[in-house]
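Okay, so here's the structure we're looking at.
None of these values were measured; they are calculated from a predicted model.
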Amino acid sequence: VVQSLAGGVPERKWLVAVVRTNYEEICRQQLEDKGYEAYVACQKETKVYKNRHRREVTRIIIGRTVFVRVNEKQRLQILKDFPIIKCFLTNKAAQPNEFGRHPFAVIPDKQMERLQFMLYNANSPVSFTSEPLRKGDHIRVVRGPLSDLEGEVIRMGNASYLMITLNALGSALVNIRLDDLEKIV
């Protein structure tokens, strides 16, 4: 069943497409060229080589993954038109339907906005873990380039990490100072 908005237009949702290794950017570009909304979780960073030359590179944060905002009809068309997409990720934790199939993993718009904001504004490298971490308090960043970003704080040794959870996929982490955070009650 495809949910509809007022007027009968099928609702578009962020789904997780699994692509061939190292084809994330190619797939995103091909999808966008055909008019689809697509996103690859990546971050720009400066790489320093042995000869001390510096170069800005784009690092893929979540390998083999392209986020695509589509409705069910578009999802089926994409599978036909884009052979580099192997499948769409399913949510194994959700209840299967009457045919025993699990629903597709849907990433809520708010979580996608948080991930994009974090990757664009973070001063330190963002890492990704496939474990959906749930420890810590719900927090908001109060100053710095990630100001107003909400998430949870994870403490690992002397470092503090801001975590953004993506349903059925995992968590993005960035190192952050505790004095830049406030607890949300």
Sequence neighbours excluded and cut-off under 3.5 Å, please list the side-chain donor-acceptor pairs for residues 90-100, or say none.
unit_1, atom_1, unit_2, atom_2, d
N91, OD1, A93, N, 3.1
N97, OD1, F99, N, 2.9
N97, OD1, G100, N, 3.2
N97, OD1, R101, N, 3.0

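A distance of 11.5 Å separates CG in L89 from NE2 in H102, rounded to the nearest 0.5 Å. Taken to the nearest 0.5 Å, the CZ atom of R12 stands 16.0 Å off from the CZ atom of R75. Once rounded to the nearest 0.5 Å, the distance linking NZ of K34 with CG of D81 reads 7.0 Å.
Legend: salt bridge (charged side-chain N to carboxylate O under 4.0 Å, His left out) pairs involving residues 46-63, not counting sequence neighbours, sorted by first then second residue: E45-R59. Applying the salt bridge (charged side-chain N to carboxylate O under 4.0 Å, His left out) test to residues at least two apart or on different chains, none of the pairs has a partner in residues 118-127. Sorted by first and then second residue, the salt bridge (charged side-chain N to carboxylate O under 4.0 Å, His left out) pairs with a member in residues 105-117 read R69-D109, R114-E150; sequence neighbours excluded. Pairs passing the salt bridge (charged side-chain N to carboxylate O under 4.0 Å, His left out) check and including a residue from residues 16-32, sequence neighbours excluded, read E25-R28, R28-E32.
A search for side-chain hydrogen bond (donor to acceptor under 3.5 Å, both in side chains) contacts involving Q74 returns nothing, not counting sequence neighbours. Taking the side-chain hydrogen bond (donor to acceptor under 3.5 Å, both in side chains) definition, one finds that T58 meets it with K44, sequence neighbours left out. Taking N51 as the reference, H53 meet the side-chain hydrogen bond (donor to acceptor under 3.5 Å, both in side chains) condition, with sequence neighbours excluded. Every residue two or more places apart in sequence or in another chain that forms a side-chain contact (heavy atoms from CB on, under 4.5 Å) with N121 is listed here: F117, P145, L146.
Of all heavy-atom pairs between C42 and I61, the closest is CA-CG1, 3.9 Å.
At a threshold of 4.5 Å between non-hydrogen side-chain atoms, the residues Y39 and L119 count as touching.
Residue I26 belongs to a hydrophobic cluster whose other members are Y23, I84, with links defined by side-chain heavy atoms closer than 4.5 Å. By the 4.5 Å side-chain criterion applied to Ile, Leu, Val, Met, Phe, Trp and Tyr, F104 is assigned to a cluster that also includes L15, V19, L31, Y36, V40, I60, V66, V68, V70, I78, L79, F82, I85, F88, V106.
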task = Before giving the answer on side-chain contact (heavy atoms from CB on, under 4.5 Å), spell out for L76 and K80 the whole-Å C-alpha distance, their side-chain angles and the decisive distance to 0.1 Å.
result = CA-CA 7 Å; L76 292 171; K80 290 179 191 174; 5.5 Å; no

message = Does V126 form a side-chain contact (heavy atoms from CB on, under 4.5 Å) with L173? I'd like the steps, not just the answer.
response = CA-CA 5 Å; V126 174; L173 301 168; 5.8 Å; no

inquiry  = Using side-chain contact (heavy atoms from CB on, under 4.5 Å), reason through L166 and S171 one step at a time and then give a plain yes or no.
reply    = CA-CA 6 Å; L166 302 175; S171 304; over 6 Å; no

task = I would like to know whether L115 and W14 meet side-chain contact (heavy atoms from CB on, under 4.5 Å); could you show each step before the answer?
result = CA-CA 13 Å; L115 175 66; W14 285 105; over 6 Å; no

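Within the 3.5 Å criterion, the main-chain N or O of A41 finds no donor-acceptor partner in the side chain of Q116.
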